[in-house]
Participant: 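Here it is, the structure, as C-alpha cells.
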Amino acid sequence: MDKPLSNFYLVPMHDMTLEDIYLYYNDNRFQHEQNFDPGDLDFSIQSQRIRLLRSIIEADRKIAYRLSVISEDRKMIGVVKIAGVFDPHQFICDISYSVDKKLDGKGYNGLILNRATNLAFKEYGYRKATLTFLSTNETGIKTAQEVGYVIVGLMKKHEKIRGEWKDFILLEKLNQDIL
C-alpha cells in the first residue's frame with residue numbers, strides 16, 4: 001500500500017461481506033493461532049457467519065462493537081473489538097485488535113488502536129479503555145504506551161495458550177474528556 005497510513009476506516013463488521021471476513025481471518029490465521037489454543041479456533045465459513053451475526057446482535061445491545069479496518073479501496077486490513085465491561089457504573093471497555101500480516105510493523109497498529117480508543121470514548125461514551133498483551137509482546141505494549149496507555153498490572157498465569165499458562169500485561173487509558 002503506497003497510500004498514507006491514515007487512509008483507513010473503522011466500519012461495523014456486519015457491513016462487510018461474509019467473503020471479506022472469511023478471507024481476512026484465513027489470510028491471518030497464523031497471528032491468531034499463536035495467541036490461542038488451536039482447539040479454540042475455527043476459521044470455517046460457518047464460524048465467520050456467526051462472527052457477523054454477533055456483530056449485529058452485540059452492537060444492537062450495546063455490549064460490544066466488532067469493527068473492520070478497511071482501506072480506501074474497501075480491502076479489509078484489520079479488525080477491532082470494543083467490548084463493554086458489564087458494570088453500568090464503571091463505563092469501561094476492553095479493546096482488542098489485529099492488523100493484516102502484510103501491514104504489521106508498518107505503523108498501522110498504533111493508528112488503529114488510537115482511532116479505536118477515540119471511537120470508544122467519543123462515540124460510545126466509555127470512561128476507560130483497557131487492553132492486554134502477552135507479557136512477551138514488547139512491541140504491542142510499547143505501541144499501546146505510545147498512544148497513551150499505561151501499564152497497570154501483570155496478570156500472572158492469566159490464560160492457557162498451547163498448554164502453558166501465560167502472563168499478560170494489563171494497560172489502561174482514561175477518557176480525559178469526561179473525568
Side-chain angles (χ1 to χ4, degrees), residues 1 4-13 24-25 28 30-36 40 51 54-55 58-59 62-71 76-162 164-179:
M1 300 197 132
L5 291 177
S6 60
N7 289 345
F8 66 87
Y9 306 93
L10 299 179
V11 300
M13 186 173 283
Y24 175 80
Y25 277 98
N28 293 282
F30 177 74
Q31 292 181 81
H32 301 284
E33 288 172 337
Q34 48 185 353
N35 293 320
F36 298 95
D40 295 340
R51 188 180 308 275
R54 280 188 184 145
S55 175
E58 291 170 345
K62 296 179 176 26
I63 57 175
Y65 303 92
R66 294 172 187 260
L67 306 165
S68 295
V69 182
I70 61 167
S71 60
M76 197 164 155
I77 60 170
V79 294
V80 172
K81 183 177 179 187
I82 301 170
V85 176
F86 298 106
D87 184 334
H89 304 292
Q90 292 183 341
F91 304 108
I92 297 172
C93 68
D94 187 67
I95 298 177
S96 57
Y97 67 97
S98 70
V99 178
D100 188 289
K101 65 184 178 206
K102 293 177 223 99
L103 301 174
D104 198 26
K106 296 187 177 182
Y108 280 90
N109 289 297
L111 292 171
I112 290 169
L113 177 58
N114 194 49
R115 197 168 292 175
T117 304
N118 287 334
L119 184 67
F121 289 167
K122 293 177 179 164
E123 183 72 23
Y124 305 137
Y126 288 107
R127 179 186 66 80
K128 182 193 307 189
T130 64
L131 69 153
T132 58
F133 287 101
L134 276 166
S135 62
T136 56
N137 185 348
E138 294 173 12
T139 303
I141 295 164
K142 181 180 177 199
T143 298
Q145 289 175 308
E146 288 170 356
V147 298
Y149 281 80
V150 295
I151 295 173
V152 293
L154 171 66
M155 300 184 302
K156 300 287 282 174
K157 302 190 183 313
H158 182 66
E159 195 169 320
K160 196 173 194 178
I161 300 174
R162 300 195 172 275
E164 184 180 332
W165 287 99
K166 302 284 186 173
D167 295 344
F168 277 71
I169 299 293
L170 173 65
L171 298 100
E172 71 178 15
K173 183 174 183 177
L174 298 173
N175 183 349
Q176 298 300 322
D177 293 339
I178 62 172
L179 291 178

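Nothing fancy with the numbering, it's 1 onward along the sequence.
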Participant: Please find the pair of heavy atoms, one from S98 and one from Y24, that lie closest to each other, and give the distance.
Facilitator: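 Minimum heavy-atom separation between S98 and Y24: OG-OH, 2.8 Å.
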Participant: Within the side chain of N28, is there an N or O that forms a donor-acceptor pair under 3.5 Å with the backbone of K101?
Facilitator: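 Indeed, once roles are kept as given, a pair shorter than 3.5 Å links the two residues.
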Participant: Mind listing the closest non-hydrogen atom pair of A144 and F133 along with its distance?
Facilitator: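 Smallest heavy-atom distance, with atoms named: CB-CE1, 4.0 Å.
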Participant: Considering only heavy atoms from C-beta outward, does the side chain of E123 approach that of Y65 to under 4.5 Å?
Facilitator: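 Side chain of E123 against side chain of Y65, heavy atoms only: no contact under 4.5 Å found.
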Participant: Return the CD to CE distance between E58 and M13, rounded to the nearest 0.5 Å.
Facilitator: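 Separation between the atoms: 10.0 Å.
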Participant: Could you give me the CA-CA distance, side-chain angles and deciding distance for N114 and I112, then say whether side-chain contact (heavy atoms from CB on, under 4.5 Å) is met?
Facilitator: CA-CA 5 Å; N114 194 49; I112 290 169; over 6 Å; no
Participant: Indicate the ring-plane relationship of F168 and H158, choosing parallel, tilted or perpendicular according to the 30° and 60° boundaries.
Facilitator: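 Perpendicular: the ring planes of F168 and H158 meet at over 60°.
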Participant: Taking all non-hydrogen atoms of both residues into account, name the closest pair between M76 and V79 and its distance.
Facilitator: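 Minimum heavy-atom separation between M76 and V79: CE-CG1, 3.2 Å.
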Participant: So, do V69 and Y108 sit near enough that their side-chain heavy atoms are less than 4.5 Å apart?
Facilitator: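 Side-chain contact under 4.5 Å: no.
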Participant: Going by heavy atoms in the side chains, are L67 and L119 under 4.5 Å from each other?
Facilitator: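 A side-chain contact exists here, since the closest heavy-atom pair is under 4.5 Å.
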Participant: To check you understand the geometry: which heavy-atom pair defines the closest contact between V80 and A116, and what is its length?
Facilitator: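 Closest approach of V80 to A116, heavy atoms only: CG1-CB, 3.7 Å.
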Participant: Report yes if the side chains of L113 and N109 come closer than 4.5 Å at any heavy-atom pair, otherwise no.
Facilitator: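 Side-chain contact under 4.5 Å: no.
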Participant: Quickly, which of V152, L154, L131 forms a side chain to side chain contact (heavy atoms under 4.5 Å, CB included) with L170? Name it, please.
Facilitator: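 Going through V152, L154, L131 one by one, the side chain to side chain contact (heavy atoms under 4.5 Å, CB included) with L170 is satisfied by V152 alone.
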Participant: Identify the heavy atoms of G125 and I178 that sit nearest to each other, and give their distance.
Facilitator: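 Scanning both residues completely, I find the closest heavy atoms to be O-CD1, 3.9 Å.
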Participant: Any idea which heavy atoms bring A120 and C93 closest together, and the distance?
Facilitator: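 So the two residues come closest at CB-SG, 3.8 Å.
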Participant: Can you tell me how far apart CG (L111) and CD (E146) are? Round to the nearest 0.5 Å.
Facilitator: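 Here the interatomic distance stands at 10.5 Å.
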Participant: Does any non-hydrogen side-chain atom of D167 lie less than 4.5 Å from one of M155?
Facilitator: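 A side-chain contact under 4.5 Å is absent here.
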Participant: Look at atom CD of E138 and say whether more than 12 heavy atoms of other residues, nucleotides or ligands are closer to it than 6.0 Å.
Facilitator: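 It does not: E138 CD has 12 such atoms or fewer within range.
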Participant: Please answer whether the main-chain N or O of Q90 pairs with a side-chain N or O of R127 as donor and acceptor at a distance below 3.5 Å.
Facilitator: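 Yes; at least one donor-acceptor contact below 3.5 Å.
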Participant: Say you draw a straight line from NZ of K62 to OH of Y124; how long is it, rounded to the nearest 0.5 Å?
Facilitator: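 Separation between the atoms: 9.5 Å.
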Participant: For the pair T136 and K166, evaluate side-chain contact (heavy atoms from CB on, under 4.5 Å) and give the outcome as yes or no after the intermediate values.
Facilitator: CA-CA 9 Å; T136 56; K166 302 284 186 173; over 6 Å; no
Participant: Could you grab the distance from atom CG of N7 to atom CD1 of I70, nearest 0.5 Å is fine?
Facilitator: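 Separation between the atoms: 11.5 Å.
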Participant: For the residue pair E172 and I92, establish whether any side-chain heavy-atom pair is separated by less than 4.5 Å.
Facilitator: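 The answer is no; the side chains never approach within 4.5 Å.
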Participant: Report yes or no: do T117 and Y149 form a side-chain donor-acceptor pair below 3.5 Å?
Facilitator: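 Y149 and T117 do have a side-chain donor-acceptor pair below 3.5 Å.
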Participant: Looking only at atom types and distance, does a side-chain atom of K173 sit under 3.5 Å from a main-chain N or O of V147, one as donor and one as acceptor?
Facilitator: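 Yes; judged by distance alone, with no hydrogens or angles, the pair exists.
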Participant: Can you confirm whether R51 sits close enough to R66 that some side-chain heavy atom of one is under 4.5 Å from a side-chain heavy atom of the other?
Facilitator: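 Heavy-atom side-chain distance check passes, below 4.5 Å.
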Participant: Between CG of D94 and OG1 of T132, what distance do you get to the nearest 0.5 Å?
Facilitator: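 Interatomic distance, D94 CG to T132 OG1, rounded to 0.5 Å: 6.0 Å.
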Participant: Any side-chain heavy atom of I82 within less than 4.5 Å of one from Y126?
Facilitator: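 I82 reaches Y126 side chain to side chain.
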Participant: Rounded to the nearest 0.5 Å, what separation is found between the CG atom of L103 and the CD1 atom of I77?
Facilitator: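 It comes to 5.5 Å.
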